[in-house]
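Throughout, protein chains are lettered first and strands after them, A, B, ... in sequence-line order, and every chain is numbered starting at 1.
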Amino acid sequence: MPELPEVETVRRGLVPVMEDARIAKLERNRPDLRFPFPPRFKARLEGSTITALARRAKYLLAHLDSGEVLIMHLGMSGSFHVRAGAQTGERVADGAYYERDRDPRHDHVVFHLDGPAGRATVTYNDPRRFGFMDLAAVGDLPQNRFLRDLGVEPTGNELDGVLLAGLLTGRHTSLKAALLDQKTIAGLGNIYACEALWRAGLSPRRLARSVAGKDGAGTERSSRLAEAIRSVIADAIEAGGSSLRDHRHTDGSLGYFQHEFAAYDRDGEPCRKPGCSGHIERIVQSGRSTFFCPVCQR
DNA sequence: ACATAGACCTGTTGGC
DNA sequence: TGCCAACAGGTCTATG
């Protein structure tokens, strides 16, 4: 499911109920997701207070007053749902759309929170169970196996043409695959890699190192691509992410960036680039769908 | 060191 | 209508 914009949207939805809230009780309904939960998971969380809810790439990081950090990844189908004001076990009558639709068999972790704004429950639901959670001391985060190799964030101004050119230098793989590699840029997934390449007018099949040359053409391409990545991620965050199948805001509402897709899931449609006569095609690269316009993406 | 398959899961969809 | 193959916002692990 979620790429960086969706995770950031989820984070913003969780902040009001999670930050400065005490975990009064935690339910862990199975021993594992993609990986086993860390030892004494429930005991290490119950009674501690969440001091900050941060994000790194597609990971949510709940900093605790115990000195540990709860690391959470949503995999392909993970979602969080907030129900404010409810006591443990309490039924709520105003069940939102998502409340009714979600399959309770896949509610794997439930946080019962006691915060400045009152009580709330936060439920983690994940049908495919590709998500996972880990706990680490805050000082150990840089060495954490999930976080240590992550590349640059595509938010803010750090990612520019020069940096991107350096990251792609010598890379003998497709440009699309290089963008999906979390060691290069952390947070891009299949949708936003496709969209960024469309915005930049670069073919996903192009060799990654061809966007890195020290010559003028390579520099020009890497600048265009860096700008495209930053803009598509910023636009998607502003739209609350993309809701195709699983992604929902924590209150059950939908993101709407899917309406702004130019390439993703639009095979057969005319290319939206002004003056372009091409049509979007779907190809498969390293086992995953790529959508692009073969006319204006070179 | 680096780059590509395979694996992990469940649910939905489209074609016959 | 029913069945089944293909596919889905990801990434760790093994293999070349």
Kindly say if [X] contacts the phosphate of [N], meaning a side-chain N or O under 4.0 Å from OP1 or OP2.
| X | N | value |
| --- | --- | --- |
| A:Arg129 | B:dT10 | yes |
| A:Ser77 | B:dC9 | no |
| A:Arg282 | C:dC7 | yes |

Which atom pairs link the protein and nucleotides 11-14 of chain C when you take only N or O atoms and keep those under 3.5 Å?
{"from": "C:dT11", "atom 1": "OP1", "to": "A:His73", "atom 2": "NE2", "distance (Å)": "2.7"}
{"from": "C:dT11", "atom 1": "OP2", "to": "A:Lys58", "atom 2": "NZ", "distance (Å)": "2.9"}
{"from": "C:dT11", "atom 1": "O2", "to": "A:Arg34", "atom 2": "NH1", "distance (Å)": "3.4"}
{"from": "C:dT11", "atom 1": "O2", "to": "A:Arg34", "atom 2": "NH2", "distance (Å)": "3.2"}
{"from": "C:dC12", "atom 1": "O4'", "to": "A:Arg34", "atom 2": "NH2", "distance (Å)": "2.8"}
{"from": "C:dT13", "atom 1": "OP1", "to": "A:Arg145", "atom 2": "NH1", "distance (Å)": "3.2"}

(message) Which is more 5' along DNA chain B, the nucleotide nearest A:Arg171 or the one nearest A:His106? Just name the residue.
(response) A:Arg171

(message) Using heavy-atom distances to pick each residue's nearest nucleotide on DNA chain B, tell me which of A:Arg245 and A:Asp181 is more 5'.
(response)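 Looking at the nearest nucleotide for each, A:Asp181 comes out on the 5' side.
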
(request) State the dot-bracket string of DNA chain C. Criteria: Watson-Crick or G-U wobble, both atom distances under 3.5 angstrom; notation: ( ) intrastrand, [ ] crossing earlier pairs, | interstrand, . unpaired. (result) .|||||||.|||||||

(request) Determine whether A:Leu202 and A:Gln297 make a side-chain contact, defined as any pair of heavy atoms from C-beta on separated by less than 4.5 Å. (result)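 Of all side-chain heavy-atom pairs linking A:Gln297 with A:Leu202, none is under 4.5 Å.
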
(message) Can you confirm whether A:Ile50 sits close enough to A:Asp20 that some side-chain heavy atom of one is under 4.5 Å from a side-chain heavy atom of the other?
(response) no

May I ask you to decide if the ring planes of [X] and [Y] are parallel, tilted or perpendicular, using 30° and 60° as cut-offs?
| X | Y | value |
| --- | --- | --- |
| A:Tyr124 | A:His108 | tilted |
| A:Tyr264 | A:Phe291 | perpendicular |
| A:Tyr192 | A:Phe261 | perpendicular |
| A:Tyr59 | A:His73 | perpendicular |

Measure the distance from [atom1] on [X] to [atom2] on [N] and round it to the nearest whole Å.
| X | N | atom1 | atom2 | answer |
| --- | --- | --- | --- | --- |
| A:Arg128 | C:dA6 | CZ | C1' | 12 Å |
| A:Asp134 | C:dG10 | CG | C1' | 17 Å |
| A:Asp126 | B:dT10 | CG | C1' | 10 Å |

(request) Using the P atoms only, state how far C:dA14 lies from B:dC9, rounded to an integer number of Å. (result)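 Result for the P pair: 15 Å, nearest Å.
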
(message) Between C:dT11 and B:dA1, how many Å separate the two P atoms, rounded to a whole number?
(response)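 22 Å, rounded to whole Å.
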
(message) How long is the straight-line distance from CG of A:Asp246 back to CG of A:Leu74, given to the nearest 0.5 Å?
(response)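 If we round to the nearest 0.5 Å, A:Leu74:CG and A:Asp246:CG are 10.0 Å apart.
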
(message) Between the side chains of A:Asp181 and A:Lys176, is the shortest nitrogen-to-carboxylate-oxygen separation below 4.0 Å, so that they form an ion pair?
(response) no

(message) Using a 6.0 Å distance limit plus a 45 degree cone around the ring axis, check whether A:Arg145 lies over the aromatic ring of A:Phe35.
(response)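 Pair A:Arg145/A:Phe35 counts as cation-pi.
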
(message) Any base atoms under 4.0 Å from A:Ser243, or only sugar-phosphate, or nothing? Heavy atoms, all strands.
(response) base

(request) Could you tell me whether A:Ser242 contacts a base, only the sugar-phosphate backbone, or nothing, with contacts defined as non-hydrogen atoms closer than 4.0 Å? (result) base

